[in-house]
**Q** 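The structure follows.
These values consider heavy atoms only, across backbone and side chains, with no hydrogens, waters or symmetry-generated copies.
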Amino acid sequence: MNDHNHLHGLNAAQKQAVETTEGPVLVLAGAGSGKTRVITHRIIHLIEKGTSPHNILAVTFTNKAAKEMRERVQNLIQEHFGASRAGIDSLPTVTTFHALGVRILRENHEVLGLRRHFVIYDRSDSNKAIKKALEQASYDPKQFEPRKMLSIISKAKGDALSRLDFMDGARSYPEQVAGEIWEHYDKTLREEHALDFDDLLLKTVNLLKSHPDVLEMYRERFKYIHIDEYQDTNKVQYEIARLLTGDVHNICVVGDVDQSIYSWRGANISNILQFEKHFPETTTIFLEENYRSTQTIIAASNDIIEKNFNRPPKKVFTNNHEGELIELYVGMNGNDEAEHIALRAKELIKSGASPSHIAVLYRTNFQSRVLEEAFLNFSVPYQLLGTKFFERREVKDALSYLRLAMNPDSTSDLARVINTPVRGIGKVTLLKLMEGRRDELKGSTREKVENFYNLMDDIAQAAREQPLSETFKFILKRTGIEEMLKKDGEEGLERIENLRELVTLAARYDELESEDAIEAVLEEAALQSDQDEIKAKEEQDAVRLMTVHSAKGLEFPYVFITGLEEGLFPHERLSADKIDEEEERRLFYVALTRAEKKVFLSFAHIRTIFGSQRINAPSQFIGDIREELLEHANPGGDGTGYETTVYLD
């Protein structure tokens, strides 16, 4: 098939990015400029030129983005190679960094002395283990907050540092403490045959560096590498990319410096800014045409981002129509602002907008409460990106049963489920089991424990012999969880519904071999991110309420950006870290460019924060947008509040 119809409909810059297949390629893509399209069509172009799909790797950040990209690639293969699909022996690998790490580590588990079924700790598992490590090192978890300690260790691992290297460079006392407890934490992970999120990447780098034969095997396998959202990579992700590309450098990265908003997670903007230095002979291509937003929205977002210095010059443009002006509302207080937003959303819905086409974005999580209240009061359907499905207690219990059945050494799972439901096995007995002293148990205690382990053997057997969805049904019945929740009134029934949703989700993997299905569901649970959390069950037609960070990569016809006050957005950090003004500006740019048709900005003169009222100045970002792009929603006056009387209680 040689008619190149996979290039139809691409603009000149997109076409250049698709056709430049050899050597390093840097695609600097503005918001809404079709970057996923470039990667998917580039993959098809490579296959058409004779590259085996098996030799193509594409990496992105969230499961949701990887799933969408995978589906698009499969559809394009179907479309372009149709009946001749027989010649296509495999599919490209489209995955996230963490899932790629899991795959490489599982394939080489023996080299690493790991079990194939190693446990993946999620954040709450890690927090518990850190708390334990603090106690073992005789520190008070109240003085050294486990979450903070985990964050220090996590950042160090993301910077590709070993514990000893980190200890050498530790400057502050909390860093020294973190270095000390890291040792205890690692010991717990080793004992449990577990890895945490950061290990999935760090251990992959260490494996590739210390085993040239393994590295060579992956270089042979992945001859063409694509990385999406390259501005979000950290040091360890850059190392994985650098190692896999070897000397050939067939690497294509796509990213937007202006959307780099994750430095607090360890993302390193210099990876994209210095790409041409890291990979000499780079071809740099700018995608500047936006297909998503109106001219008004693009003009405002250019006004904002041009004030940043740390960026390659790029001017996004669009051939879309001019569109509506950006609406600005000034609330008297936080409640007034929230009510205005709820009512405005209600008007949009009344005039034909679908509720799920509306997003309300805020800078920090605490802002959601007053918005939720207003949406409830005015009966506007909404969905908050809140507790993730896999973080719900009952879901974690069911997954723990499965993990423990497959990996009897996982003491964290043992501690979680041994008395869920209650079996009368006390703490002393649990401690003996965790210390491997099961043979010391006597009488009825011994009997209870034997019954429990028989149950675990039954689950393990069911898991090996049945489809995964049947295994979960078996767990719910045989463990007594379902029975226990039935006695728990309304809340119990809601939890049972969540468990039934887990069975539905597991059915997706029923076609796989049992071991692969188990790995897939445990991996999905461990690698879930907040965007992935808009699940089928929850795909209600409702207004989305979320932080700007959670909204990255999404798009909506109507977007409300709230709390535009100095100190709130741009945000003043509570810690000693200095505010990163350029990153705050990039965050506002991301918020604006989520919108297709219309943007609504708002702030409140007075906001109650931490129990006390604060009088606010409007965010500098409002002043950075040209006046002719704005319209004021307040009756009378221009609504900016610069000359408005401020009323105090």
**Q** Strictly below 4.0 Å, N to O, side chains only: are Glu565 and Arg363 in salt-bridge contact?
**A** no

**Q** Considering only residues two or more places apart or on different chains, which pairs with a residue in residues 33-44 satisfy side chain to side chain donor-acceptor pair (under 3.5 Å)?
**A** Lys35-Asp228, Lys35-Glu229, Arg42-His226

**Q** Quick check: do Ile349 and Val543 have side-chain heavy atoms less than 4.5 Å from each other?
**A** yes

**Q** Would you tell me whether Gln295 and Asn320 have side-chain atoms, one donor and one acceptor, within less than 3.5 Å of each other?
**A** no

**Q** Please answer whether the main-chain N or O of Arg586 pairs with a side-chain N or O of Asp258 as donor and acceptor at a distance below 3.5 Å.
**A** no

**Q** When you measure from the side chain of Asn290 to the backbone of Ala31, do you find a donor-acceptor pair of N or O atoms at a distance under 3.5 Å?
**A**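 Checking the backbone N and O of Ala31 against the side chain of Asn290, a donor-acceptor pair under 3.5 Å is found.
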
**Q** Looking at Arg106 and Glu519, is there a salt bridge between them, counting it only when a charged N and a carboxylate O are closer than 4.0 Å?
**A**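 Looking at Glu519 and Arg106, the cut-off is met.
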
**Q** Side chains of Phe197 and Ser154: does their closest heavy-atom pair fall under 4.5 Å?
**A**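 Not in contact.
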
**Q** Return yes if a side-chain donor-acceptor contact under 3.5 Å exists between Tyr291 and Glu596, otherwise no.
**A** no

**Q** For Glu289 and Thr318, indicate whether the former's side chain and the latter's backbone hold a donor-acceptor pair under 3.5 Å.
**A** no

**Q** Would you please name every residue forming a side chain to side chain donor-acceptor pair (under 3.5 Å) with Glu68, sequence neighbours left out?
**A**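 Here the qualifying residues are Lys64.
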
**Q** Would you give the length of the straight line joining atom CG of Leu26 to atom NE2 of His278, rounded to the nearest 0.5 angstrom?
**A**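 The NE2 atom of His278 is 12.0 Å from CG of Leu26, to the nearest 0.5 Å.
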
**Q** Restricting to non-hydrogen atoms, name the atom on Ala17 and the atom on Val38 that form the minimum distance, rounded to 0.1 Å.
**A** CB-CG1, 3.6 Å

**Q** For the residue pair Gln274 and Tyr238, establish whether any side-chain heavy-atom pair is separated by less than 4.5 Å.
**A**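 No, their side chains stay 4.5 Å or more apart.
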
**Q** Flag yes if more than 12 heavy atoms outside Glu216 fall under 6.0 Å of its CD atom; otherwise flag no.
**A**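 Above 12, so yes.
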
**Q** Going by an N to O cut-off under 4.0 Å, is there a salt bridge joining Glu555 and Arg292?
**A** yes

**Q** Take Glu19 and Lys15 through the salt bridge (charged side-chain N to carboxylate O under 4.0 Å, His left out) test and state the conclusion after the steps.
**A** CA-CA 6 Å; Glu19 293 184 305; Lys15 201 177 282 186; over 6 Å; no

**Q** Give a yes or no on whether the backbone of Leu200 and the side-chain of Thr204 come within a donor-acceptor separation of less than 3.5 Å.
**A** yes

**Q** State, yes or no, whether a side-chain contact exists between Tyr589 and Val316 at a heavy-atom distance under 4.5 Å.
**A**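 A side-chain contact exists here, since the closest heavy-atom pair is under 4.5 Å.
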
**Q** Could you measure the distance from the NE2 atom of His571 to the OG1 atom of Thr364? Nearest 0.5 Å is fine.
**A** 4.5 Å

**Q** Between Phe222 and Tyr218, what is the ring plane arrangement, given parallel below 30°, perpendicular above 60°, and tilted in between?
**A** parallel

**Q** In a check of side-chain contact (heavy atoms from CB on, under 4.5 Å) between Ile358 and each of Ile341, Val559, Leu348, which one passes?
**A**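 Among the candidates, only Leu348 passes.
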
**Q** Could you tell me whether the side chain of Val548 reaches within less than 4.5 Å of the side chain of Tyr362, counting heavy atoms only?
**A** no

**Q** Out of curiosity, Thr60 OG1 to Met69 CE, how far, rounded to the nearest 0.5 Å?
**A**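 Here the rounded value is 5.0 Å.
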
**Q** Just jot down the salt bridge (Lys or Arg N to Asp or Glu O under 4.0 Å) partners of Lys223, sequence neighbours excluded, or say none.
**A** Glu220

**Q** Between Asp159 (side chain only) and Lys235 (backbone N and O only), is there a donor and an acceptor less than 3.5 Å apart?
**A** no

**Q** Counting C-beta onward and ignoring hydrogens, is there a side-chain heavy-atom pair between Arg311 and Val257 closer than 4.5 Å?
**A** yes

**Q** Is it the case that more than 12 heavy atoms not belonging to Glu281 sit under 6.0 Å from its CD atom?
**A**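 Result for CD/Glu281: open.
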
**Q** Between Thr96 and Phe61 (side chain of the first, backbone of the second, donor and acceptor by atom type, cut-off under 3.5 Å), is there such a pair?
**A** no

**Q** Is it the case that atom CD in Glu628 sees more than 12 heavy atoms from other parts of the structure closer than 6.0 Å?
**A**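 For Glu628, atom CD is crowded (more than 12 foreign heavy atoms under 6.0 Å).
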
**Q** For Leu512, give me all partners under side chain to side chain contact (heavy atoms under 4.5 Å, CB included), at least two apart in sequence or on another chain.
**A**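 Expected list: Tyr509, Asp516, Ala517, Ala520.
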
**Q** Kindly give the heavy-atom pair with the smallest separation between Asn11 and Gln14, and that separation in Å.
**A** OD1-N, 2.8 Å

**Q** Determine whether the aromatic ring centres of Phe569 and Phe588 lie less than 6.0 Å apart.
**A** yes

**Q** With sequence neighbours excluded, tell me which residues meet side chain to side chain donor-acceptor pair (under 3.5 Å) with Glu239.
**A** Arg242

**Q** If I compare all heavy atoms of Gln367 with all of Leu371, which pair ends up nearest, and what's the gap?
**A** O-CD1, 3.5 Å

**Q** How long is the span from the CG atom in Asn302 to the CZ atom in Arg626, to the nearest 0.5 Å?
**A**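 Reported value, rounded in 0.5 Å steps: 8.0 Å.
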
**Q** Can you tell me how the ring of Phe560 sits relative to the ring of Phe600, calling it parallel under 30°, perpendicular over 60° and tilted otherwise?
**A** parallel

**Q** Indicate yes or no: at least one non-hydrogen side-chain atom of Thr296 is less than 4.5 angstrom from one of Ile326.
**A** yes

**Q** Quick one: CD1 on Ile56 to CD1 on Ile47, what's the gap to the nearest 0.5 Å?
**A**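 The CD1 atom of Ile56 sits 4.5 Å away from the CD1 atom of Ile47.
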
**Q** According to side chain to side chain donor-acceptor pair (under 3.5 Å), who are the partners of Ser368, at least two apart in sequence or on a separate chain?
**A** none

**Q** Are Asp256 and Lys314 within salt-bridge range, i.e. N to O under 4.0 Å?
**A**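 Here Asp256 pairs with Lys314 in a salt bridge, since their nearest N and O are under 4.0 Å apart.
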
**Q** Spell out, as yes or no, whether a donor-acceptor pair under 3.5 Å connects the side chain of Asn268 to the backbone of Asn234.
**A** no

**Q** Pairing donors with acceptors under 3.5 angstrom, does anything connect the side chains of Thr562 and Glu337?
**A**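 Side-chain D/A pair, Thr562 to Glu337: absent.
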
**Q** Please name the pair of heavy atoms, one in Pro280 and one in Pro24, separated by the smallest distance, quoted to 0.1 Å.
**A**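 Closest pair (atom of Pro280, atom of Pro24, distance): O-CG, 3.6 Å.
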
**Q** I'd like to know if the side chain of Thr283 and the backbone of Val25 have a donor-acceptor N/O pair within less than 3.5 Å.
**A** no

**Q** Does atom NZ of Lys346 have more than 12 heavy-atom neighbours, drawn from other residues, nucleotides or ligands, at distances under 6.0 Å?
**A**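 Buried by this count: over 12 neighbours within 6.0 Å.
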
**Q** With respect to Leu202, which candidate in Leu207, Ile240, Val236 satisfies the side-chain contact (heavy atoms from CB on, under 4.5 Å) definition?
**A** Val236

**Q** Under a 3.5 Å cutoff, is there a donor and acceptor pairing between the side chains of Lys49 and Thr21?
**A** yes

**Q** Determine whether a donor-acceptor pair (N or O, by modelled atom type, separation under 3.5 Å) exists between the side chain of Thr294 and the backbone of Ile297.
**A**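 Side chain of Thr294 to backbone of Ile297, a donor-acceptor pair under 3.5 Å: yes, one is there.
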
**Q** So, taking the atom named CD1 in Ile561 and the one named CG in Leu592, what distance separates them when rounded to the nearest 0.5 Å?
**A**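 The CD1 atom of Ile561 sits 4.5 Å away from the CG atom of Leu592.
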
**Q** Establish, yes or no, whether a centroid distance under 6.0 Å links the rings of His632 and Tyr329.
**A**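 His632 vs Tyr329: aromatic centres not under 6.0 Å.
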
**Q** With ring centroids as reference points, do His357 and Phe556 lie under 6.0 angstrom apart?
**A**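 Not under 6.0 Å, so no.
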
**Q** Is a side-chain donor-acceptor pair under 3.5 Å present for Ser263 with Glu583?
**A**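 Yes, a side-chain donor-acceptor pair sits under 3.5 Å.
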
**Q** Tell me, with the steps shown, if Arg585 and Glu582 meet salt bridge (charged side-chain N to carboxylate O under 4.0 Å, His left out).
**A** CA-CA 5 Å; Arg585 191 170 283 281; Glu582 293 220 342; over 6 Å; no

**Q** Over 60° means perpendicular and under 30° means parallel, so classify the ring planes of His549 and Tyr262, tilted if in between.
**A** tilted

**Q** Compare all side-chain heavy atoms of Val73 with those of Ile39 and state whether any distance is below 4.5 angstrom.
**A**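 A side-chain contact is absent here, since even the closest heavy-atom pair is not under 4.5 Å.
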
**Q** For the side chain of Asn308 and the backbone of Asn310, is there at least one donor-acceptor N/O pair under 3.5 Å apart?
**A**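 Side chain of Asn308 to backbone of Asn310, a donor-acceptor pair under 3.5 Å: no, none is there.
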
